[in-house]
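I have placed the structure first, in the form of structure tokens, so that the comments after it can refer back to it.
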Amino acid sequence: MTDAAMSAPTGAERSRPGHGPDREVCAYWRLTPGPVLGDRVTGTWQVTRDDVAFVVKHFGPSFPDWPYPLRVAATLRAQGWPTPEPVEEPLVRPDGAWVLFRRLPGRSMRPVGADVAVEERARGRLLAELHAAASATGITDQRGGCTGPGELVADPELDRWLRVHERARPDEGRILRACRDAAVEWFAALPAPDAPRSVIHGDFTPWNLLYDHGRLTGLLDFEATHHTYQVADFALSWRGYHDDVLVGYDEVRPLSEDEWRLVRPVFWAWLFIGVRDLLAAHHGDAGPTRPPLDLEWGLRHLRKHSPLLARKSDVLELPVPE
């Protein structure tokens, strides 16, 4: 985990979806630009070459340790997981790195109604299988620029800017600081939880899983991968309330008591990724051009209620009134 923007709610570096991939890059690889596929943290576009579909991705200069996610994806691909595979050597330029991937087949599942719970439970089981494979990769080094969740929330600069924000927006700031303080206290009380660690995917969501006739054909978007507690992968797959993801996971690899207790503080820590820098940019500039500040996504997820975790003992709940 890093304070560089790696998550949807707080991404400080965003590509502009109205702009295509760099023309020189397209010319070098003989690419015809297509539609934008992603507009957060990295720029991602569909492109073609000789009528064959590819994906080109741009990792900007502030993107932390961009070779790391390629290495994680490659080691999982060696075990049979369908991860994006580069088809050319990356182009490293002053504006960052450009990587050309083979376009994987299949489509993501967008369930509705009763199918939502079925998809979540199946995805939880699949995530447990992925974590077994992640442990087998042998990757134990940390991604450059990343820290653990305990270190992230304990950052004194985050605390300082949260207090500044609380003075400017008391209701919003009170919730943010109280949740940060509660997470800090939890990690201080249990600095070494008995919980498996490995590299994690980081965004194990329906739109990052491709299927063709029920067969998994694509595991996409390793932008947030790093080495940490495996339950940290619930941050964006569970999102505070998709309990069937936890149920499905526990069916394949039962979670320990410490892991159940760890789910929410790790989730809260994830919601603070990038917040320090956003607050500093907003409150540290007294001029008229200060950047806007919208933390509603994170606040909304801090308020999410999980009936499953509520039945577990000693789990964190929102420490202040909503």
Side-chain angles (χ1 to χ4, degrees), residues 7-9 37-38 55 69 72-85 101 103-137 195-226 228-257 259-264 266-267 270-271 301 304-312 315:
S7 62
L37 298 176
V55 172
V72 172
T75 55
L76 289 172
R77 190 165 58 251
Q79 297 186 50
W81 289 83
T83 64
E85 181 178 6
F101 296 96
R103 179 75 189 246
L104 292 170
R107 302 184 64 173
S108 59
M109 299 175 61
R110 300 300 174 100
V112 295
D115 290 337
V116 171
V118 174
E119 185 279 330
E120 290 177 1
R121 197 161 181 168
R123 183 156 41 93
R125 293 194 294 268
L126 185 63
L127 181 57
E129 295 175 10
L130 177 66
H131 284 170
S135 296
T137 64
R197 299 174 184 243
S198 71
V199 288
I200 66 168
H201 179 269
D203 197 6
F204 204 75
T205 47
W207 46 89
N208 284 326
L209 299 171
L210 302 180
Y211 290 90
D212 186 9
H213 294 92
R215 180 176 64 91
L216 181 69
T217 56
L219 173 56
L220 312 178
D221 190 359
F222 282 80
E223 293 173 6
T225 185
H226 61 290
T228 187
Y229 302 109
Q230 289 186 335
V231 293
D233 239 345
F234 294 138
L236 295 185
S237 58
W238 168 64
R239 293 180 179 244
Y241 68 107
H242 293 300
D243 283 351
D244 282 299
V245 172
L246 302 183
V247 171
Y249 190 100
D250 192 57
E251 290 173 343
V252 175
R253 185 181 76 76
L255 297 169
S256 68
E257 182 178 343
E259 286 183 288
W260 281 113
R261 297 174 61 217
L262 185 59
V263 169
R264 192 174 295 281
V266 166
F267 174 61
W270 196 288
L271 294 178
H301 281 76
K304 294 293 185 181
H305 175 68
S306 165
L308 178 61
L309 283 193
R311 296 197 298 268
K312 300 290 181 179
V315 295

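Please read all numbers here as calculations on a predicted model, not as lab measurements. FYI, the numbering just counts along the sequence from 1.
- Considering CG of L255 and CZ of R261, their distance stands at 14.0 Å, rounded to 0.5 Å.
- Using a 4.5 Å cut-off on side-chain heavy atoms (C-beta onward), V245 and R121 make no contact.
- The shortest non-hydrogen separation linking R123 to S237 is NH1-O, 3.5 Å.
- Screening L220, D221, T225 for a side-chain contact (heavy atoms from CB on, under 4.5 Å) with D203, the sole residue that qualifies is D221.
- Heavy atoms only, all atoms of each residue included: P84 and F101 are closest at CB-CD2, 3.6 Å.
- The shortest side-chain heavy-atom distance between W238 and S306 falls under the 4.5 Å cut-off.
- For the ring-ring contact (aromatic ring centres under 6.0 Å, His included) with F234, the qualifying choice from Y249, F267, Y229 is Y249, the only one to do so.
- Here the closest heavy-atom approach between residue S198 and residue Q230 is recorded as OG-NE2, 3.0 Å.
- Atom CG of D250 sits about 12.0 Å away from atom CG of D244, to the nearest 0.5 Å.
- Side-chain contact between V266 and T228 is absent, with no heavy-atom pair separated by less than 4.5 Å.
- Across every non-hydrogen atom of E120 and D243, the tightest pair is OE1-N, 4.4 Å.
- Atoms NE2 and NE2, from H131 and H201 in turn, are 9.5 Å apart once rounded to the nearest 0.5 Å.
- Residues T75 and V72 approach most closely at OG1-O, 2.8 Å, considering heavy atoms.
- Between L76 and F222 the shortest side-chain heavy-atom distance falls below 4.5 Å.
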Mind listing the side-chain donor-acceptor pairs of residues 107-118 below 3.5 Å, one per line with the distance, residues two or more places apart or on another chain?
from, atom 1, to, atom 2, distance (Å)
S108, OG, R110, NE, 3.4

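- The closest side-chain heavy-atom distance from L309 to W260 is below 4.5 Å.
- In this model, no donor atom of one side chain and acceptor atom of the other lie less than 3.5 Å apart for Q79 and T137.
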Identify every side-chain donor-acceptor pair in residues 211-218 under 3.5 Å, counting partners at least two apart or on other chains, and give the distances.
from, atom 1, to, atom 2, distance (Å)
T217, OG1, P105, O, 2.7
T217, OG1, L210, O, 3.3

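- Contact of the F204 side chain with the N208 side chain is not registered, since no non-hydrogen atoms from C-beta on lie closer than 4.5 Å.
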(message) Show, in sequence, the C-alpha distance, side-chain angles and deciding distance for H226 and V199, and conclude whether the side chain to side chain contact (heavy atoms under 4.5 Å, CB included) test is met.
(response) CA-CA 5 Å; H226 61 290; V199 288; over 6 Å; no
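- Between L37 and R103 the shortest side-chain heavy-atom distance falls below 4.5 Å.
- Side-chain atoms of R239 and K304, non-hydrogen and from C-beta on, never get closer than 4.5 Å to each other.
- When only modelled atom types and interatomic distance are considered, T205 and W207 share a side-chain donor-acceptor pair under 3.5 Å.
- Closest non-hydrogen pair, P254 versus E259, comes out as O-OE1, 4.3 Å.
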